Engineer: 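The following block contains the structure, expressed as structure tokens.
What you see is a predicted model; the values in this text were computed from it and never measured.
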Amino acid sequence: MEPESDKSDKSDTESSYTDQSVTFPRVSAVAAGWMLDFMFVSMCHHFKADKPDEFSRSLSIYKAISKKSSLNGHFHVEKKLICAFLTRVIHGKQLNVLFEEDSHVMPLMSAAKLWSKFEDVVTDESLYKNINILLIVQTVAVCMEKGQRSSASSALKWFENNHEIPQSLIVKLSTIVAQRETYHPFLMSFSFSRLLETVKSFVDAYLEKNPSDFLLKAATEMVQSSGSIKDLEDVVTKDISLSETSSESTEDGREKESTVCLRTKRKLLSTKIIDVWQPDTCKKPFVSLRRLSRNELIQRLSGKSTDTCSKNEQKPKPRKARGKWTCELDQYLKDGVRRHGPGKWSRILLDYDFEGRSGVMLKDRWRVLIRTESKKGSASFM
């Protein structure tokens, strides 16, 4: 048994489509026709903008909508043929793409076959003839560019048997193929870019005569009335900032509100998500090794509590001025060099107490000792 709410919703929906003999299939057919027209205009736009990928995506949607059985009118059939024609022109230089059961029929040959059906559609007779000649010439030119002279000859025979083509054009192209003139001036004058531009002019003329832009106009009006996205973001950001400054609730409420505002700003404006919990520094812990002075060693061995030591460490005493080098310190330096060698000042500092001196000071003192002893004339003084 269905709930009463479901029944009422269903009855409302049915009544909306049954009033005045308006049924859902009829409404669906009209909507599908509008969507089909919109996709047709989109494909024409992508073709004119030289965007084959976007054209292919629009074509796939167009195919899905056009399968509806109710869309069999004259204009829908005509637009479907135009879409097929544009598809073959886009793939004109891809000889391995097949649109016909006959594997010898290349894309531009199939396009010429479809183009023959538009003789009554194109009002400009010269435009129709130009595109017809460009399709034939470019079929031969593409084969020559790919190095497939036999395919070019086969294409000419196919055109002669299945297409209306001037005999003078057949003779001209046959001569070019026989002489293997890939870059003949005649082929260059009827280039592929010229074919595209001429087809684009046909598309412009057709859209001007058959606009098919109901949904496009409706969407344009909607965008113009709703304003730009940037203005919308500015308004939202302004409202958020005002709510933050005027908030006088409790501390818990302020924390919740700031959290919501932060998330809202991120969703609307930010392109990166910053980790607010990332620590300020990522330094790894390390152990520092240094030699204790005599005074520090005496303090450690005197039995003072660790708390007292920690207090002393927390409040370091001002550094005492280092005295002069004594004979004892000089002897420490000589013994260290004798044990570790010159330049190993960090190791020497670990073995002896030099009263807070650094490795640079040891190096400078060692140079003084060497100069002093060299003046005395002794070769070795250690």
Engineer: Would a distance-only check, ignoring hydrogens and angles, find a side-chain to backbone donor-acceptor pair under 3.5 Å from Arg149 to Met144?
Structural biologist: no
Engineer: Return the minimal non-hydrogen interatomic distance between Val122 and Leu127, and the atom names on each side.
Structural biologist: CG1-CD2, 4.2 Å
Engineer: Going from SG on Cys83 to CG on Leu114, what distance comes out if it is rounded to the nearest 0.5 angstrom?
Structural biologist: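 CG of Leu114 is found 11.5 Å from SG of Cys83.
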Engineer: Are Leu196 and Phe118 connected in a single hydrophobic cluster, I mean Ile/Leu/Val/Met/Phe/Trp/Tyr linked by side-chain heavy atoms less than 4.5 Å apart?
Structural biologist: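 Yes.
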Engineer: Return the SG to CE distance between Cys143 and Met109, rounded to the nearest 0.5 Å.
Structural biologist: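 One finds 8.0 Å between SG of Cys143 and CE of Met109.
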Engineer: Any side-chain heavy-atom pair from Leu173 and Phe159 closer than 4.5 angstrom?
Structural biologist: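 Not in contact.
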Engineer: Can you name the closest pair of heavy atoms from Leu86 and Cys44 and give their distance?
Structural biologist: CD1-SG, 4.5 Å
Engineer: Would Arg365 and Met361 count as a side chain to side chain contact (heavy atoms under 4.5 Å, CB included) if you check the C-alpha gap in whole Å, the side-chain angles of each, and the deciding distance to 0.1 Å?
Structural biologist: CA-CA 6 Å; Arg365 182 60 182 173; Met361 295 178 180; over 6 Å; no
Engineer: Mind checking the CH2-CD1 spacing from Trp158 to Ile165? Nearest 0.5 Å is all I need.
Structural biologist: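 Answer rounded to 0.5 Å: 10.0 Å.
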Engineer: Can you see which heavy atom on Glu100 is nearest to which on Val105, and at what distance?
Structural biologist: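 Smallest interatomic distance, heavy atoms only, reads CG-CG1, 3.5 Å.
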Engineer: May I ask whether Leu95 and Ile90 are part of the same hydrophobic cluster, defined by side-chain heavy atoms of I, L, V, M, F, W, Y residues being less than 4.5 angstrom apart, directly or through others?
Structural biologist: yes
Engineer: With heavy-atom distances below 4.5 Å as the criterion, would you say the side chains of Ser154 and His104 are in contact?
Structural biologist: no
Engineer: Taking side chain as C-beta onward, heavy atoms only, is Lys117 less than 4.5 Å from Phe85?
Structural biologist: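 Sidechains of Phe85 and Lys117: no contact.
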Engineer: Give the cluster check for Met43 versus Leu81: same hydrophobic cluster or not, with ILVMFWY residues linked at side-chain heavy-atom distances below 4.5 Å.
Structural biologist: yes
Engineer: Do Met188 and Val137 share a hydrophobic cluster (ILVMFWY, side-chain heavy atoms under 4.5 Å, transitive)?
Structural biologist: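 No, separate clusters.
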Engineer: Could you check if a side-chain atom of Arg194 sits within less than 4.5 angstrom of a side-chain atom of Thr198, using non-hydrogen atoms only?
Structural biologist: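 Yes - at least one pair of side-chain heavy atoms lies under 4.5 Å apart.
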Engineer: Quick one: are Lys79 and Asp37 in side-chain contact, heavy atoms under 4.5 Å?
Structural biologist: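 Yes. Closest side-chain heavy atoms under 4.5 Å.
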Engineer: So, taking the atom named CD1 in Ile136 and the one named CD1 in Ile131, what distance separates them when rounded to the nearest 0.5 Å?
Structural biologist: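 CD1 of Ile131 is found 12.5 Å from CD1 of Ile136.
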Engineer: Would you compute the distance between atom OG of Ser191 and atom CG of Leu134 and round it to the nearest 0.5 angstrom?
Structural biologist: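 Between Ser191 OG and Leu134 CG, I get 8.0 Å after rounding to 0.5 Å.
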Engineer: What closest approach, in Å, do Val89 and Ala111 show between heavy atoms, and which atom pair accounts for it?
Structural biologist: CG2-CB, 4.3 Å
Engineer: Is there a donor-acceptor contact under 3.5 Å from the side chain of Ser42 to the main chain of Phe38?
Structural biologist: yes
Engineer: Before you tell me yes or no, could you show the steps for Phe354 and Ile348 under side chain to side chain contact (heavy atoms under 4.5 Å, CB included), namely the whole-Å CA-CA distance, both residues' side-chain angles and the distance that decides it to 0.1 Å?
Structural biologist: CA-CA 9 Å; Phe354 289 96; Ile348 296 173; 3.7 Å; yes
Engineer: Establish, for the pair Arg357 and Trp325, whether the NZ or CZ atom is under 6.0 angstrom from the six-membered ring centre and no further than 45 degrees off its axis.
Structural biologist: yes
Engineer: Within a strict 4.5 Å, meaning less than it, do heavy atoms of the Ile170 and Ser174 side chains meet?
Structural biologist: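 Ile170 vs Ser174: side chains touch.
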Engineer: Going through the checks in order, is the side-chain hydrogen bond (donor to acceptor under 3.5 Å, both in side chains) test met by Asp351 and His340?
Structural biologist: CA-CA 10 Å; Asp351 291 345; His340 300 290; 2.5 Å; yes
Engineer: Check the pair Trp345 / Leu333 against side chain to side chain contact (heavy atoms under 4.5 Å, CB included), numbers first and verdict last.
Structural biologist: CA-CA 9 Å; Trp345 313 119; Leu333 180 58; 3.9 Å; yes
Engineer: With a 4.5 Å heavy-atom cut-off, do Thr326 and Gln331 have their side chains touching?
Structural biologist: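 A side-chain contact is absent here, since even the closest heavy-atom pair is not under 4.5 Å.
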Engineer: Side chains of Thr139 and Met106: does their closest heavy-atom pair fall under 4.5 Å?
Structural biologist: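 Of all side-chain heavy-atom pairs linking Met106 with Thr139, at least one is under 4.5 Å.
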Engineer: Is a side-chain donor or acceptor of Arg180 paired with a backbone partner of Ile176 at a separation under 3.5 angstrom?
Structural biologist: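 No, the answer is negative, given that no donor and acceptor are paired below the 3.5 Å cut-off.
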Engineer: Between the main-chain N or O of Lys48 and the side-chain N or O of Lys200, is there a donor-acceptor pair closer than 3.5 Å?
Structural biologist: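 The answer is yes, because a donor-acceptor pair under 3.5 Å joins these two groups.
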Engineer: Any donor-acceptor pair under 3.5 Å linking the side-chain atoms of Glu78 with those of Tyr206?
Structural biologist: yes
Engineer: Any donor-acceptor pair under 3.5 Å linking the side chain of Ser58 with the backbone of Phe55?
Structural biologist: no
Engineer: Of all the heavy-atom pairs spanning Leu187 and Thr182, show the shortest one and how long it is.
Structural biologist: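 So the minimum-distance heavy-atom pair works out to CD1-O, 3.5 Å.
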Engineer: Do Val30 and Val41 belong together in a cluster built from hydrophobic side chains that touch within less than 4.5 Å?
Structural biologist: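 The answer is yes; both residues are in one hydrophobic cluster.
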Engineer: Considering only NZ, NE, NH1 and NH2 on the basic side and carboxylate oxygens on the acidic side, decide whether Glu54 and Arg57 come within less than 4.0 Å.
Structural biologist: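 Yes, charged N to carboxylate O under 4.0 Å.
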Engineer: Within this structure, what is the OG-CD distance for the pair Ser153 and Gln148, rounded to the nearest 0.5 Å?
Structural biologist: 11.5 Å
Engineer: Over 60° means perpendicular and under 30° means parallel, so tell me whether Phe186 and Phe190 are parallel, tilted or perpendicular.
Structural biologist: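 Aromatic pair Phe186/Phe190 classed tilted.
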Engineer: Is a donor from one side chain sitting under 3.5 angstrom from an acceptor on the other, for Asn132 and His163?
Structural biologist: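 His163 and Asn132 do have a side-chain donor-acceptor pair below 3.5 Å.
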Engineer: What closest approach, in Å, do Ala152 and Val177 show between heavy atoms, and which atom pair accounts for it?
Structural biologist: CB-CG2, 4.0 Å
Engineer: For the ring pair (Phe, Tyr, Trp, His ring centres under 6.0 Å) test, which of Trp115, Phe47, Tyr128 pairs with Phe202?
Structural biologist: Trp115
Engineer: Step by step, would you call Leu108 with Arg88 a side chain to side chain contact (heavy atoms under 4.5 Å, CB included)?
Structural biologist: CA-CA 6 Å; Leu108 290 181; Arg88 285 154 175 77; over 6 Å; no
